[in-house]
Structures are given as C-alpha cells and as structure tokens.
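One structure below.
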Amino acid sequence: MNYNNAEFYTSYGSFKQIPRSDRTEIAFSGRSNVGKSSLINKIFNRKNLARVSAVPGKTATINFYRLENLYFVDLPGYGYAKVSKSEKERWGGLIEGYLHDDRELALVFQLIDFRHAPTKDDVMMVNFLIDSEIPFVVVLTKADKLSKKQREERRSALMTELPCAEDITIIEFSAQTGEGRDDIRAIIEEIAAEDEEEKN
C-alpha cells in the first residue's frame, strides 16, 4: 500500500450531503485538538494532507480521503466549548449521523490525549462504539510529551477510566517521533487485505 498516494477526496458540512457508502471506510474520531490531523498526515507521510490548525474545533466538516479502495474519514472534533450551541448540534448530528448510518465502516480509530484522563465526551464516545458494535482501536496521542513514569501512571489509570479497557486494543502514538505509526498502518493494511479478499 503506497501511503503517499492518499488524496483529499471531499468534505461535507451536513449529514444529508453524504452519499451512500460505496467502499470500505476507516474513520478517525476524537475531541478537538487531540491531534487527528497530525495523525492522518503522519500515516500518509504528508505535511498538509489534513490541515493542522492551532484553533481547536477547526474541522467542522466530515473530510474524506481516498487511498486505493478505501476511504479515510476524518470526523469533526467534539467537545470544544467555544462554539455556539447550534454549531455543536450540527457537529453532533454529523458525527452521530455518520456512525449510525448503514455504511461500510470497518473501524474507528478513537483518539484520546495520553496526557490526561479521558474526557466525559471520550468515555461517551467509547461507550457509543461498544453499544453500536462498531469495531474500534484507541490511539493515545501526544505520547512523546510524557516521561516513562508518567506513561506508566496514565496506562494504569486508563484501566479504570475507560469502559472495557482490558478488552480494547490501545496504541500509543506520537506525531513527532512516529511511534505507533507502524501499528496503525498494520491494522489499515489488514483491513485493506480483507476488503480485497471479499471483492475477489
């Protein structure tokens, strides 16, 4: 799989605009400023495939990227306080509409900031994915910002902070050092291979 060939496909600002699913999709979910754009850029070896913003809550659309037979779907960041109620509702409608829709969604990478306890929204999201039986992997971002001791403390705390933590695949990731990128790519390649098998 040549990750350099990934390209921005399109974006949608409301759920009604999104066409039916016509290929396997992998989604990225997480709160505002958790590092989704940086993670997407790191996976695909690109500086600006996904636009990284210093302003939290900048991704207010669902963005689709295409690589071979897969769509990679960047969901709007949730939980950013400084937006209007109507805007929050629109984002919520986008995320929920997408995840509830009958799509060919193979996996969600659920991003959580490794440095802090999961937010109420993070826990709600994990519960939603479990209840909806949507396969997901938790990616702990900004891993390079923690010392070895801090990592151990956060790992241990996550076992009680995250629902069903012991059953969840968890990857520690850093957009700075590239740690965790190969693990994420291995999962993507497994999905791509299964997709290929099903089509043949």
Side-chain angles (χ1 to χ4, degrees), residues 24-44 50 59 62 65 70-80 91-92 94-195:
T24 296
E25 296 174 359
I26 294 171
F28 298 90
S29 161
R31 70 174 178 74
S32 298
N33 231 15
V34 74
K36 275 193 283 97
S37 300
S38 302
L39 177 136
I40 289 167
N41 288 335
K42 196 71 182 172
I43 292 170
F44 297 117
T59 308
I62 287 189
Y65 302 89
L70 299 174
Y71 280 140
F72 293 86
V73 185
D74 183 10
L75 298 172
Y78 53 76
Y80 183 51
W91 293 359
L94 261 176
I95 297 168
E96 206 170 312
Y98 173 82
L99 292 171
H100 268 150
D101 197 24
D102 183 22
R103 307 192 70 76
E104 293 187 42
L105 180 58
L107 185 82
V108 173
F109 284 108
Q110 174 61 37
L111 278 62
I112 293 173
D113 189 328
F114 200 179
R115 300 170 299 175
H116 311 293
T119 65
K120 199 170 75 190
D121 289 326
D122 290 331
V123 173
M124 202 162 75
M125 199 67 204
V126 167
N127 275 320
F128 174 82
L129 293 167
I130 291 168
D131 294 344
S132 307
E133 298 184 358
I134 296 170
F136 70 97
V137 166
V138 165
V139 178
L140 301 174
T141 61
K142 312 190 187 200
D144 56 289
K145 307 270 197 292
L146 293 168
S147 68
K148 198 173 167 202
K149 184 170 182 293
Q150 287 170 322
R151 282 194 187 208
E152 282 166 12
E153 286 166 1
R154 288 299 322 129
R155 268 186 217 123
S156 158
L158 277 164
M159 288 300 119
T160 56
E161 292 162 352
L162 272 185
C164 307
E166 63 285 347
D167 300 321
I168 296 172
T169 299
I170 297 176
I171 295 171
E172 296 172 15
F173 175 81
S174 163
Q176 296 301 315
T177 65
E179 177 189 351
R181 179 173 70 173
D182 290 349
D183 297 329
I184 292 169
R185 284 180 166 182
I187 291 168
I188 290 169
E189 281 159 34
E190 199 179 309
I191 290 167
E194 282 169 14
D195 189 54

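What you see is a predicted model; the values in this text were computed from it and never measured. The chain is numbered in sequence order, starting from 1.
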(message) Between R151 and E179, does any side-chain N to carboxylate O distance fall below 4.0 Å?
(response)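 So R151 pairs with E179 through a salt bridge.
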Quiz item: Do NZ/NE/NH1/NH2 and the carboxylate oxygens of D74 and K36 come within less than 4.0 Å?
Solution: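 The answer is yes: the pair qualifies as a salt bridge.
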Spacing of [atom1] belonging to [X] relative to [atom2] belonging to [Y], to within rounding of 0.5 Å:
X    : Y    : atom1 : atom2 : result
I168 : I130 : CD1   : CD1   : 5.0 Å
R115 : Q150 : CZ    : CD    : 10.5 Å
T141 : L39  : OG1   : CG    : 8.0 Å
I188 : D183 : CD1   : CG    : 11.0 Å
M124 : D122 : CE    : CG    : 10.0 Å
R154 : E161 : CZ    : CD    : 4.0 Å

So, do [X] and [Y] sit near enough that their side-chain heavy atoms are less than 4.5 Å apart?
X    : Y    : value
I187 : I171 : yes
I26  : L105 : no
Y98  : E25  : yes
E172 : R155 : yes
F28  : V73  : no

Looking only at heavy atoms, what is the nearest atom pair of [X] and [Y], with distance?
X    : Y    : result
S38  : A175 : CB-CB, 3.8 Å
V34  : D113 : CG2-N, 3.5 Å
R185 : I43  : NH2-O, 2.6 Å
L75  : A27  : CD1-CB, 4.3 Å
D144 : S174 : OD1-OG, 2.7 Å
L70  : A192 : CD1-CB, 3.9 Å

Quick one, S29 with M125, criterion side-chain contact (heavy atoms from CB on, under 4.5 Å). Give me CA distance, side-chain angles, the key distance, then yes/no.
CA-CA 9 Å; S29 161; M125 199 67 204; 3.5 Å; yes
query: Going through the checks in order, is the side-chain hydrogen bond (donor to acceptor under 3.5 Å, both in side chains) test met by T24 and D195?
result: CA-CA 7 Å; T24 296; D195 189 54; 2.6 Å; yes
Is atom CG of D102 surrounded by more than 12 heavy atoms (other residues, nucleotides or ligands) closer than 6.0 Å?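 No, the 6.0 Å shell around CG holds no more than 12 heavy atoms from other groups.
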**Prompt:** Does CD in E189 sit with more than 12 non-hydrogen atoms of other residues, nucleotides or ligands closer than 6.0 Å?
**Reply:**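 Yes - once you tally the heavy atoms of other residues, nucleotides and ligands closer than 6.0 Å, there are more than 12.
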**Request:** Before giving the answer on side-chain contact (heavy atoms from CB on, under 4.5 Å), spell out for L107 and V137 the whole-Å C-alpha distance, their side-chain angles and the decisive distance to 0.1 Å.
**Result:** CA-CA 8 Å; L107 185 82; V137 166; 4.1 Å; yes
Between [X] (side chain) and [Y] (backbone), is there a donor-acceptor pair under 3.5 Å?
X    : Y    : result
R181 : F173 : no
N41  : S37  : yes
S132 : F128 : yes

*asked:* For a side-chain contact (heavy atoms from CB on, under 4.5 Å) check, start with the C-alpha distance between V126 and Q110, then their side-chain angles and the critical distance, and finish with the verdict.
replied: CA-CA 8 Å; V126 167; Q110 174 61 37; 4.2 Å; yes
Once you measure the plane-to-plane angle for F72 and F44, does it fall in the parallel (<30°), tilted (30-60°) or perpendicular (>60°) bin?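 Perpendicular: the ring planes of F72 and F44 meet at over 60°.
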Candidate pair T169 and V138, rule side-chain contact (heavy atoms from CB on, under 4.5 Å), full reasoning: CA-CA 6 Å; T169 299; V138 165; over 6 Å; no
